[in-house]
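Because the structure is predicted, anything quoted here is derived from the model rather than measured. Chain letters run A, B, ... following the sequence lines, proteins first and then strands; every chain starts at 1.
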There are 2 protein chains.
Amino acid sequence: MTQACRGKSVSQRKVISLDDLRVACRNCSLTSLCLPMGLAPEDIERLDEIVKRNRPLHRGDFLFREGDRFRSLFVVKTGSVKTFAPSPEGGEQVLGFHLPGEVIGLDAIDKDAHACSAKVLETSAICEIPFARLEELTMSIPSLQHQMYRLLSKEIGQDTELLLLLGKKNAEERLAAFLLSLSKRLHKRGLSATDFYLSMSRHEIGNYLGLAVETVSRLFTRFQDDGLMRVDRKHIQIIDQDALEALVGGIGQHRRQQQQS
Amino acid sequence: MTQACRGKSVSQRKVISLDDLRVACRNCSLTSLCLPMGLAPEDIERLDEIVKRNRPLHRGDFLFREGDRFRSLFVVKTGSVKTFAPSPEGGEQVLGFHLPGEVIGLDAIDKDAHACSAKVLETSAICEIPFARLEELTMSIPSLQHQMYRLLSKEIGQDTELLLLLGKKNAEERLAAFLLSLSKRLHKRGLSATDFYLSMSRHEIGNYLGLAVETVSRLFTRFQDDGLMRVDRKHIQIIDQDALEALVGGIGQHRRQQQQS
DNA sequence: ACCTTTGCTTGATCTGGATCAAGCGAAGAA
DNA sequence: TTCTTCGCTTGATCCAGATCAAGCAAAGGT
């Protein structure tokens, strides 16, 4: 894990590494979050056979780029990944930050090409699942097919939430929602919900939330001053989770609530 | 079609109506846009057997409400539908406007319950597809399964586009993008791309685009003054499509283009 | 015919957050 | 060590679009 392999492509393999990279699905701690969720052991075995486990990637490496032909889904095993789409004018919109167990690339099935890029935020282990083989497999494993439908559907639900965030919430609510979401997802993965490190920059957070870097920075300062959390660079310690929840719920002043007939 | 059936529930049927409501999938003009896309005739026949064709719904009727148990997907045959999600404070976010051939309810598969509501914007014919039976069917028709994956994936792609709109575009670009998208979708359905009626209110457009009604209204006026289109209440005639495209592409002044390492 | 409601437009004002502009400390490079 | 870069913070100013406030016309009700 210490030798550098920055910049190498995902499709390289046949390296003898004895670390935990090659863990079979059955032994992976993520079975309850990842694709195998709810599968019978013998079905997990079959899924396991088509999963490629590549060498670890490093900060800045791409899983795929916008425009690439779609071949595989990717699952974060350890580390974190961001996905982002180019906007016509040259800027980009960060679409999501992905933690262990989360599947990346589902949006590419339709057009058979990736519409967004995926970049690794820190040294990460990634499982690669060739989609054609997965699709075959789902034909004979009903529960896997169902799991796929759920996964795709879940992604839609998440986009909807982000839509609500960008369309209806002010800066404060956005950042609070972001931090709480992160906290909860980390907790599900057995990590602390109240003490964690951000793997993304202020700039990336701002882009994701539709805010300027300066606004994000000011909000972190404000949250700390208000005793909601302690912030030291990337290190976040949540002190008053309830107050954060209240912010998101919108106990504060809001833009006019829009409703229509 | 003239007798009132406002307020009746979708699940009612056994009414003898001889209008074009009961057209089988094979005879429906939407085969090339809808679920049957790319299916062999005999497979369309099998799909057809599970489709329920209910009586027409009217403005304001619900297909389903947020929180309802998920049972079926719905496809617009004629008319239009909007979907919207409640935001915690009582407002709501319009998630989409759905035209003939478009499938509604895909976001509910994951949680087995609808996270958003769907309301009919004008008198509309809707096909209902029980999901459990559809899922069975996809097990034995590979091309239908693939079509389902594409459909779900496409929905994700569309959400991503809206995300980009809300996160990175100004008011002018948003409305231009909205009108062009509508124009193109209508055109695909054999209707005029340059002369059409809006089935949604200014309020609903504003909500969808994250803008106040007043801003939407002012922009319509501006677009007309600039000779881009003619606007008469709900009646839109696009005069200069290229200029609209240019607006969306972002040839104007923009907020700072954000990019990160 | 008259009243009420609803949706839309237009004008005036206000403000949250973007933008502009420094400055600062940590991490890496020479 | 010193220099440079990079990410972050903080302050000052600006502005797109929200909000407030009328007024108007179409549609529907009585």
Between NZ of A:Lys234 and P of D:dT9 the distance, given in whole Å, is 10 Å
Check for a donor-acceptor pair, side chain of A:Lys169 on one end and backbone N or O of A:Val248 on the other, with a separation under 3.5 Å.
yes
B:Lys188 meets the salt bridge (charged side-chain N to carboxylate O under 4.0 Å, His left out) criterion, sequence neighbours left out, with none
Might you list the N or O atoms of the protein lying below 3.5 Å from N or O atoms in nucleotides 12-15 of chain D, with each pair's distance?
unit_1, atom_1, unit_2, atom_2, d
D:dA12, N6, A:Arg218, NH2, 3.4

Between CG of A:Leu209 and P of C:dG16 the distance, given in whole Å, is 19 Å
- Query: Does A:Arg202 have a side-chain nitrogen or oxygen under 4.0 Å from the phosphate oxygens OP1 or OP2 of D:dT9?
  - Reply: yes
note: A:Asn207, atom CG; C:dA18, atom P; distance rounded to Å ~ 12 Å
Residues pairing under salt bridge (charged side-chain N to carboxylate O under 4.0 Å, His left out) where one sits in residues 97-108 of chain B, two or more places apart or in two chains, turn out to be B:Glu102-B:Arg185, B:Glu102-B:Arg189
Whole-Å distance, B:Asp232 CG to C:dT9 C1', equals 13 Å
Closest to the side chain of B:Leu211, out of D:dC8, D:dA18, C:dG7, is D:dA18
To the nearest angstrom, the CZ-C1' distance between A:Arg233 and D:dT9 comes to 10 Å
Checking C:dG17, D:dT9, D:dG17 against the side chain of A:Ala171 (C-beta onward), the nearest is C:dG17
Does a side-chain N or O from A:Thr215 land closer than 4.0 Å to OP1 or OP2 of C:dA18, or not? yes
Checklist entry - Does the A:Thr83 side chain pair with the main chain of A:Leu95, one donor and one acceptor, at a distance under 3.5 Å? => result no
**Report entry** Cationic N near anionic O, under 4.0 Å, A:Glu161 to A:Arg174
**Finding:** no
**Prompt:** Would A:Thr78 and A:Ser124 satisfy side-chain hydrogen bond (donor to acceptor under 3.5 Å, both in side chains), going step by step from the backbone distance to the final call?
**Reply:** CA-CA 5 Å; A:Thr78 66; A:Ser124 301; 5.7 Å; no
**Message:** Below the 4.0 Å mark, does D:dT10 have OP1 or OP2 next to a side-chain nitrogen or oxygen of A:Thr221?
**Reply:** yes
Hits for salt bridge (charged side-chain N to carboxylate O under 4.0 Å, His left out) against B:Arg222, two or more places apart or cross-chain, chain-then-number order -> B:Glu172
Taking five pairs at each terminus, the helix from C:dA1-D:dT30 to C:dA30-D:dT1 shows an axis bend, to 10°, of 40°
Separation of C:dC8 atom P from B:Glu204 atom CD, nearest Å, is 8 Å
Whole-Å distance, B:Glu214 CD to C:dG7 P, equals 14 Å
Please tell me whether A:Ser80 and A:Glu122 have a donor and an acceptor in their side chains that are separated by less than 3.5 angstrom. yes
Here the salt bridge (charged side-chain N to carboxylate O under 4.0 Å, His left out) pairs for residues 228-243 of chain A, sequence neighbours left out, are none
Rounded to whole Å, CG of B:Leu166 lies from C1' of C:dG17 at a distance of 17 Å
